[in-house]
Amino acid sequence: MRIVLLGAPGSGKGTQGQKLVERYSIPQISTGDLLRAAVKDGTALGREAKDYMDAGQLVPDGVVLGMIRERISEPDAARGYILDGFPRNLRQAEDLDEMLRAAGQPLDLALLIDVDAATLKQRLLGRMSCTECGAVFNRYTSPPLRTGICDYCGGELIHRTDDNEATIDKRLNVYEAQTKPLIEYYSRDNRLRRIAGLGDIDTIFAAITADIDARLSQQPAQ
Ligand code: AMP
């Protein structure tokens with residue numbers, strides 16, 4: 001099962017992606033996480049990406065596409081994967097389709113998690129994520145039991161440097177201008193499913209899995 005999770009920053013792609021990993025035993029591939037790891041490790045790719053990320057801009061397509069090509073050819077992705085934060089513009093979506101068609105492994109679904117702009121902003125301003133297991137908390141709406149410490153693994157919680165008001169506004173603008181056209185792109189051949197992303201995490205998850213299971217039931221067993 002090859003799935004794209006589509007949605008603005010703060011729409012819950014990361015949170016829902018983690019739950020999908022458990023449910024379907026396929027990896028979540030987040031270009032944001034891969035880029036942050038490269039920045040942390042100080043690799044050449046990380047150094048190239050850092051300024052774009054700090055400015056809330058997209059990292060150049062060539063960098064991200066190369067990273068994705070490598071990651072989806074790893075053995076754990078053979079049965080499928082959940083793409084989180086990729087593609088982010090039309091060029092990336094078209095290149096992904098071309099890459100997957102050439103490999104005879106087309107994309108199954110693009111799931112849009114739909115959330116209004118005011119909610120996105122509040123979520124991003126309060127967001128804290130675990131440096132160890134990636135679990136996401138929110139200072140205002142779902143705080144951890146102990147300040148700064150992950151409820152699940154005891155890891156340290158950090159607030160992302162690009163989750164500040166000025167950069168959030170830029171990232172939301174980039175989403176509107178560059179990523180939103182993908183809704184139309186994936187609607188054209190009926191690959192898009194739209195999920196209301198407000199409310200309880202488990203209710204949203206149930207809506208997502210209902211769409212995935214319906215799609216899986218149309219496919220021969222792999
Ligand atoms: P995210 O964690 O998905 O919000 O991504 C954080 C930042 O990484 C973004 O603001 C971009 O600078 C960069 N980034 C992540 N995914 C992509 C992508 N598919 N294309 C270009 N830049 C990306």
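All figures in this text were calculated on a predicted structure; none of them were measured in a lab. Residue numbers start at 1 and run along the sequence shown. For ligands, and for the atoms within them, numbers begin at 1 and follow the listed sequence.
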Legend entry - Arg215 side-chain N/O to Asp108 backbone N/O, donor-acceptor pair under 3.5 Å: yes

Inset, instruction - Give a yes or no answer on whether the side chain of Ser142 reaches the backbone of Asn138 with a donor-acceptor pair at less than 3.5 Å. - result: yes

Inset, instruction - Give every residue pair that meets the side chain to side chain donor-acceptor pair (under 3.5 Å) criterion with at least one member in residues 143-158, sequence neighbours excluded. - result: none

Legend entry - side chain to side chain contact (heavy atoms under 4.5 Å, CB included) against Ile3, all qualifying residues, sequence neighbours excluded: Met1, Leu111, Ile212

Inset, instruction - At a heavy-atom distance under 4.0 Å, which protein residues reach ligand 1? Sort them by chain and number, would you? - result: Thr31, Gly32, Leu35, Arg36, Met53, Gln57, Leu58, Val59, Val64, Gly85, Phe86, Arg88, Gln92, Arg160, Asp162, Arg171

Inset, instruction - Rounded to the nearest 0.5 Å, what's the gap from CG on Leu198 to OG1 on Thr203? Could you check? - result: 11.5 Å

Inset, instruction - Mind checking salt bridge (Lys or Arg N to Asp or Glu O under 4.0 Å) for Lys19 and listing every partner two or more places apart, or none if nothing turns up? - result: Asp202

